[in-house]
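Right, one structure below, let's go through it.
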Amino acid sequence: MPELPEAETVRRGLALTVLNSKIEDIEVFDQRCLKKHPGGSEDFQNLMRGRSFSAAVRRGKFIWMPLDIEGFALVMHLGMSGQALIRTQDYQPESQVRLQMNLENGLQFRFSDQRLFGSLMVDQLQPVEGNSSGYSPETEVQTEIPSSVAHIARDPLDAEFDLDSVKRKIKNRTAGIKHVILDQQLVSGVGNIYADESLWRARLHFNQPANSISSRKLTELFSHIKDVLSEAVEQGGTSFDQQYKNINGQSGYFSQNLNAYGQTGKPCNRCGRLIARKSWENRGSHFCPACQRIRKQKLK
DNA sequence: AACACATCCTGACTGC
DNA sequence: TGCAGTCAGGATGTGT
């Protein structure tokens with residue numbers, strides 16, 4: 001499932017292929033991929049046709065591409081199974097393509113999505129607090145953010161990520177720590193895979209009450225989160241099944257480095273005890289029952 | 001404010 | 001072999 005590293009791999013790919021090339025035509029095969037676009041399919045096509053993208057920006061798992069109309073951007077979220085594929089226009093048809101756009105440079109942008117949790121929309125940009133709104137190193141610094149993304153917190157790889165502020169907020173939270181780090185309004189970019197991996201590295205149980213974790217331990221956890229995310233970016237993301245691909249349709253390699261997620265029944269790489277999987281809050285949580293125990297007292 | 005829970009969706013897999 | 005049921009889970013909205 002696409003999380004920050006997968007979104008970043010896609011963002012990079014788009015930045016290298018689709019910028020500054022006019023959108024010549026758009027075909028919508030399934031309107032449900034535009035359910036977040038207020039005006040529907042026809043309005044989407046009218047807004048996009050003849051325009052071009054000036055940058056590819058990411059915050060957390062959201063990607064947006066400002067258009068050459070002042071103040072608007074295409075916003076994309078891959079959801080559970082979304083893929084942004086860049087093909088030549090004569091490339092073979094692929095399954096689950098919900099929408100495609102032909103560009104003047106001969107390439108075709110395909111939005112493929114099995115489960116339709118992903119979405120595309122054209123949204124208005126608004127000014128952001130701070131120096132930049134998201135990550136877009138190939139182009140000039142972006143200072144605007146789509147309205148629909150404005151509530152999403154900065155991610156741990158963002159230069160303006162404020163660890164102290166996040167830690168202060170966590171001190172008020174009684175929910176399990178995994179629930180808290182999956183809250184995109186507190187810290188963005190972390191999903192089920194990297195949450196399990198980070199907690200494994202920090203030796204924290206997913207249901208350890210967040211407010212029982214010491215400041216020092218939280219710092220350690222966020223250091224692991226940052227490491228896991230950046231290592232996965234280097235590997236092109238995690239392809240655990242057929243759901244995540246880069247813009248060329250290729251898999252990422254981080255799945256070879258997983259220590260917890262999907263490792264049920266395999267020995268823990270630290271202590272040898274078998275990794276367990278528990279269903280928790282409608283998700284699978286993978287952990288080592290020996291290394292990651294709930295502590296009753298305040299965690300140091 | 002934080003929490004708990006429902007909703008969206010379809011292909012792969014499991015068990016009878 | 002076929003069919004029904006279960007599972008995968010990110011974001012959002014509602015009610016408490």
Side-chain angles (χ1 to χ4, degrees), chain A residues 1-8 10 29-38 58-64 75-84 94-99 111-121 123 145-155 165-199 206-213 225 229 232 237-245 251 255 258 260-265 277-287:
Chain A
M1 56 240 54
E3 304 179 29
L4 184 153
E6 294 72 35
E8 174 56 20
V10 168
F29 304 113
D30 192 325
Q31 303 214 4
R32 289 174 297 177
C33 71
L34 295 175
K35 59 181 174 245
K36 294 220 170 160
H37 183 82
R58 182 190 55 73
R59 175 184 289 203
K61 308 171 194 175
F62 282 85
I63 297 168
W64 68 92
V75 181
M76 175 167 68
H77 194 289
L78 299 173
M80 293 294 301
S81 52
Q83 300 178 7
E94 290 166 288
S95 60
Q96 291 140 12
V97 174
R98 310 297 186 178
L99 178 151
F111 185 74
S112 160
D113 190 4
Q114 182 209 106
R115 276 174 250 177
L116 287 159
F117 278 37
S119 65
L120 296 171
M121 72 183 291
D123 196 12
I145 191 164
S147 308
S148 57
V149 188
H151 66 291
I152 297 296
R154 291 188 183 272
D155 60 67
S165 159
V166 171
K167 279 164 58 179
R168 279 196 297 276
K169 289 173 186 160
I170 292 179
K171 295 222 160 79
N172 298 322
R173 307 282 294 260
T174 57
I177 185 62
K178 179 168 171 180
H179 180 95
V180 170
I181 61 175
L182 289 173
D183 179 353
Q184 306 296 304
Q185 299 188 48
L186 183 77
V187 48
S188 68
V190 180
N192 206 38
I193 296 177
Y194 300 110
D196 282 0
E197 289 304 304
S198 306
L199 292 169
F206 54 82
N207 204 18
Q208 182 75 41
N211 62 358
S212 74
I213 302 172
I225 291 174
L229 294 176
T238 300
S239 297
F240 203 75
D241 51 25
Q242 293 305 305
Q243 302 303 359
Y244 163 69
K245 306 277 185 182
S251 297
S255 51
L258 294 173
Y261 184 86
Q263 307 305 302
T264 314
R277 178 186 181 283
K278 265 197 179 166
S279 194
W280 183 70
E281 292 193 343
N282 296 322
R283 285 187 167 87
S285 281
H286 311 74
F287 67 110

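FYI, side chains are in, hydrogens and waters are out, and symmetry mates aren't considered; it's all heavy atoms of this structure. Keep in mind it's a predicted model, so treat the numbers as computed, not measured. Residue numbers begin at 1 in each chain, while the letters A, B, ... track the order of the sequences.
If you take CG of A/D113 and P of B/dG11, they are 11 Å apart, rounded to a whole angstrom. We find that CD of A/Q185 is positioned 12 Å from C1' of B/dA1, with the value rounded to whole Å. In this structure, the CD atom of A/Q96 is 10 Å from the P atom of B/dT10, given to the nearest Å. Residue A/M76 contributes atom CE, which lies 17 Å from atom P of C/dG10 at whole-angstrom precision. Straight-line distance from the CZ atom of A/R115 to the P atom of C/dG10: 10 Å, rounded to whole Å. With rounding to whole Å, A/D183 atom CG is found 17 Å from B/dC5 atom P. C/dG9 atom P lies 18 Å from atom OH of A/Y244, rounded to whole Å. Remark: P of C/dG9 and CD1 of A/I181 are 14 Å apart, rounded to the nearest angstrom.
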For this session: Start with the C-alpha gap between A/S148 and A/D123, add the side-chain angles, then the distance that decides, and say whether side chain to side chain donor-acceptor pair (under 3.5 Å) holds.
Result: CA-CA 7 Å; A/S148 57; A/D123 196 12; 2.7 Å; yes

For this session: Under the salt bridge (charged side-chain N to carboxylate O under 4.0 Å, His left out) rule, what do A/K61 and A/D155 come out as? Steps first, then yes or no, please.
Result: CA-CA 9 Å; A/K61 308 171 194 175; A/D155 60 67; over 6 Å; no

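Phosphate contact (OP1/OP2 of C/dA11, side-chain N/O of A/Q184, threshold under 4.0 Å): present. Note on A/K35: every side-chain N or O is 4.0 Å or more away from OP1 and OP2 of B/dC8. Distances shown here put every side-chain N or O of A/H77 at or beyond 4.0 Å from the OP1 or OP2 atom of C/dG10. Under 4.0 angstrom from either OP1 or OP2 of B/dC3 there lies at least one side-chain N or O belonging to A/R173. A sub-4.0 Å separation between OP1 or OP2 of B/dA1 and a side-chain N or O of A/K169 is absent. An OP1 or OP2 oxygen of C/dT12 is reached within less than 4.0 angstrom by a side-chain nitrogen or oxygen of A/H151. At the phosphate of C/dG9, neither OP1 nor OP2 sits under 4.0 Å from any side-chain N or O atom of A/N282.
Nearer the 5' end of DNA chain B, as judged by each residue's closest nucleotide, is the contact made by A/T174, out of A/T174 and A/R98. Each of A/S148 and A/M80 was matched to the nucleotide of DNA chain C holding its nearest heavy atom; the match closer to the 5' end belongs to A/M80.
Side-chain proximity of A/R283 to the nucleotides B/dC9, C/dG9, C/dT12 is greatest for C/dG9. Of all nucleotides listed (B/dC9, C/dA11, B/dA2), B/dA2 comes nearest to the side chain of A/N172. Which of B/dA2, B/dC9, C/dA11 sits closest to the side chain of A/F62 comes down to C/dA11. If you check C/dG9, B/dT10, C/dT12 against the side chain of A/R32, the one that comes closest is B/dT10.
Note on A/D183 versus A/R173: salt bridge recorded, some NZ/NE/NH1/NH2 to OD/OE distance being below 4.0 Å.
Screening A/K278, A/R283, A/K178 for a salt bridge (charged side-chain N to carboxylate O under 4.0 Å, His left out) with A/D196, the sole residue that qualifies is A/K178.
Within the 4.0 angstrom heavy-atom criterion, only backbone atoms of the sugar-phosphate kind lie near A/G284; the bases stay farther away.
Between A/W280 and A/F206, the ring planes lie tilted relative to each other; the angle falls in the 30° to 60° range.
In this pair, A/F117 does not lay its aromatic ring on the base of C/dA11; centres under 5.5 Å and planes under 30 degrees do not both hold.
Here the closest heavy-atom approach between residue A/K35 and residue A/L116 is recorded as NZ-O, 2.7 Å.
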